[in-house]
Novice: 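Below are the structure tokens for one structure; questions will follow.
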Amino acid sequence: MTKHNPIICALDTTDVEEARALTASVRNQVGAIKLGLEFFTANGSAGVRKLASENMPIFLDLKFHDIPNTVASAIRATAGINTFMMTVHTSGGRAMLQAAIDASMEVAEQTGKERPLIIGVTVLTSMDQTDLHITGINSDLHDHVRRLADLAQSCRLDGVVCSPYEISLLRQHCGEDFKLIVPGIRPPESAADDQKRVMTPAEALSRGADYLVIGRPITLSDNPGKTAEAICATLA
Ligand code: C5P
């Protein structure tokens with residue numbers, strides 16, 4: 001995927017044909033598409049392969065979190081489905097994260113293509129300080145995000161998913177080469193839906209985001225291609 005189009009369109013659907021149609025309508029206006037747990041659970045790797053035939057870079061957002069051997073095997077199993085980026089939970093720990101990176105290198109050897117980027121999930125943005133305490137973590141939420149980003153970086157992960165309001169903190173803390181993948185993006189005047197803290201695409205990019213994950217503002221619009229094009233225009 002090239003850096004000049006940072007938009008990743010989230011196709012949050014279980015339906016292969018709907019995902020295909022959406023991909024066809026936004027293919028010239030976005031840099032990649034994101035498939036998540038619901039799509040994968042409904043359609044498996046065969047479904048992802050069907051989308052891969054559309055020749056768009058695929059971000060496979062399955063948020064792996066298991067023992068190192070299992071996560072590594074799962075990542076090796078993606079060799080047949082050609083994804084350019086995938087996610088793991090950083091709270092899976094050092095051994096799991098290192099196993100994930102090693103497995104991504106094996107994928108590259110096997111496919112002869114670039115290594116898929118391994119991106120860490122820190123604290124889910126659906127969790128607040130109270131939720132964190134309930135899981136036994138008593139540090140400040142932002143300190144915890146920073147600590148997990150440090151762990152990800154020290155294990156050679158390529159970057160982390162973060163909320164728009166963590167971009168500045170993490171960009172400053174982790175440097176320029178650490179990729180920040182940012183959901184919670186809303187074009188001006190677009191509905192926030194269930195996202196609590198949103199930011200415009202232009203502002204998130206100016207704060208240092210590398211990729212903008214945008215779903216419903218594009219996929220639920222009357223003309224997804226035109227909407228994505230209009231978003232691109234605000235980034236020029
Ligand atoms: O429709 P919307 O633009 O809100 O979609 C955002 C996408 O990013 C969804 O696929 C959602 O699951 C994902 N996501 C998120 N917040 C996170 C991580 C992922 O919204 N912290």
Side-chain angles (χ1 to χ4, degrees), residues 6-15 18-19 22-23 25-26 29-43 47-48 51 56-65 83 85-92 117-129 131-132 135 141-142 144-146 148-149 152 157-167 169-170 179-205 207 209-222 224 227-228 230-232 234-235:
I7 300 173
I8 300 178
C9 184
L11 304 181
D12 292 320
T13 173
T14 55
D15 188 286
E18 188 186 339
L22 279 167
T23 304
S25 54
V26 299
Q29 286 80 31
V30 305
I33 55 170
K34 177 172 99 70
L35 299 173
L37 272 176
E38 66 269 70
F39 184 88
F40 196 80
T41 307
N43 304 296
V48 182
L51 268 279
M56 281 297 284
I58 294 178
F59 170 17
L60 191 60
D61 184 20
L62 301 183
K63 300 184 177 68
F64 294 131
H65 189 173
T83 62
M85 187 191 286
M86 58 192 105
T87 41
V88 296
H89 272 281
T90 50
S91 51
L117 301 176
I118 304 294
I119 301 298
V121 175
T122 57
V123 178
L124 292 170
T125 48
S126 54
M127 291 179 77
D128 63 15
Q129 191 73 60
D131 296 312
L132 205 59
T135 66
L141 192 146
H142 286 115
H144 196 52
V145 166
R146 204 167 32 202
L148 290 171
L157 259 65
D158 298 286
V160 290
V161 180
C162 69
S163 98
Y165 292 89
E166 292 163 349
I167 298 171
L169 170 84
L170 292 177
K179 298 199 184 325
L180 300 179
I181 289 65
V182 185
I185 299 296
R186 288 293 179 271
E189 290 157 37
S190 179
D193 304 308
D194 54 357
Q195 298 282 11
K196 296 219 169 77
R197 302 183 71 209
V198 298
M199 192 177 279
T200 65
E203 170 143 29
L205 269 195
R207 289 190 184 202
D210 291 287
Y211 297 106
L212 309 173
V213 177
I214 310 178
R216 287 161 292 180
I218 296 175
T219 60
L220 297 186
S221 72
D222 291 339
T227 304
I231 295 173
C232 278
T234 68
L235 304 178

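Order of appearance sets the numbers: ligands from 1, and atoms from 1 within every ligand. What you see is a predicted model; the values in this text were computed from it and never measured. When a residue number appears, it is its place in the shown sequence, counting from 1. Note: hydrogens, waters and symmetry copies are ignored here, and every other heavy atom, side chains too, is used.
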Novice: Can you list every pair where an N/O of ligand 1 is under 3.5 Å from an N/O on the protein?
Specialist:
residue  : atom   : partner : partner atom : Å
ligand 1 : 1 (O)  : Arg216  : N            : 2.7
ligand 1 : 1 (O)  : Arg216  : NE           : 2.7
ligand 1 : 3 (O)  : Arg186  : NH1          : 2.9
ligand 1 : 3 (O)  : Gly215  : N            : 2.8
ligand 1 : 4 (O)  : Arg186  : NH2          : 2.8
ligand 1 : 4 (O)  : Gln195  : NE2          : 2.9
ligand 1 : 4 (O)  : Arg216  : NH2          : 2.8
ligand 1 : 10 (O) : Asp12   : OD1          : 3.0
ligand 1 : 10 (O) : Asp12   : OD2          : 2.8
ligand 1 : 10 (O) : Lys34   : NZ           : 2.9
ligand 1 : 16 (N) : Thr125  : OG1          : 3.4
ligand 1 : 20 (O) : Gln195  : NE2          : 2.8
ligand 1 : 21 (N) : Thr125  : OG1          : 2.6

Novice: State, yes or no, whether a side-chain contact exists between His89 and Leu124 at a heavy-atom distance under 4.5 Å.
Specialist: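 They are in contact (side-chain heavy atoms under 4.5 Å apart), so the answer is yes.
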Novice: Using a strict 4.0 Å threshold on nitrogen-to-oxygen distance, state whether Lys179 and Asp210 make a salt bridge.
Specialist: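 Salt bridge: no.
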Novice: With a 4.5 Å cut-off on side-chain heavy atoms, are Arg207 and Pro164 touching?
Specialist: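 Not touching, per the 4.5 Å side-chain cut-off.
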Novice: Is there a side-chain contact between Thr219 and Pro224 in this structure, where contact means two heavy atoms from C-beta onward sitting under 4.5 Å apart?
Specialist: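 No. Closest side-chain heavy atoms not under 4.5 Å.
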Novice: State whether the side chain of Tyr165 and the backbone N or O of Val198 hold a donor-acceptor pair below 3.5 Å, judged by distance alone.
Specialist: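 Checked: pair present.
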Novice: For Arg186, is there an ion pair with Asp193 - N to carboxylate O distance below 4.0 angstrom?
Specialist: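 A salt bridge links Asp193 with Arg186.
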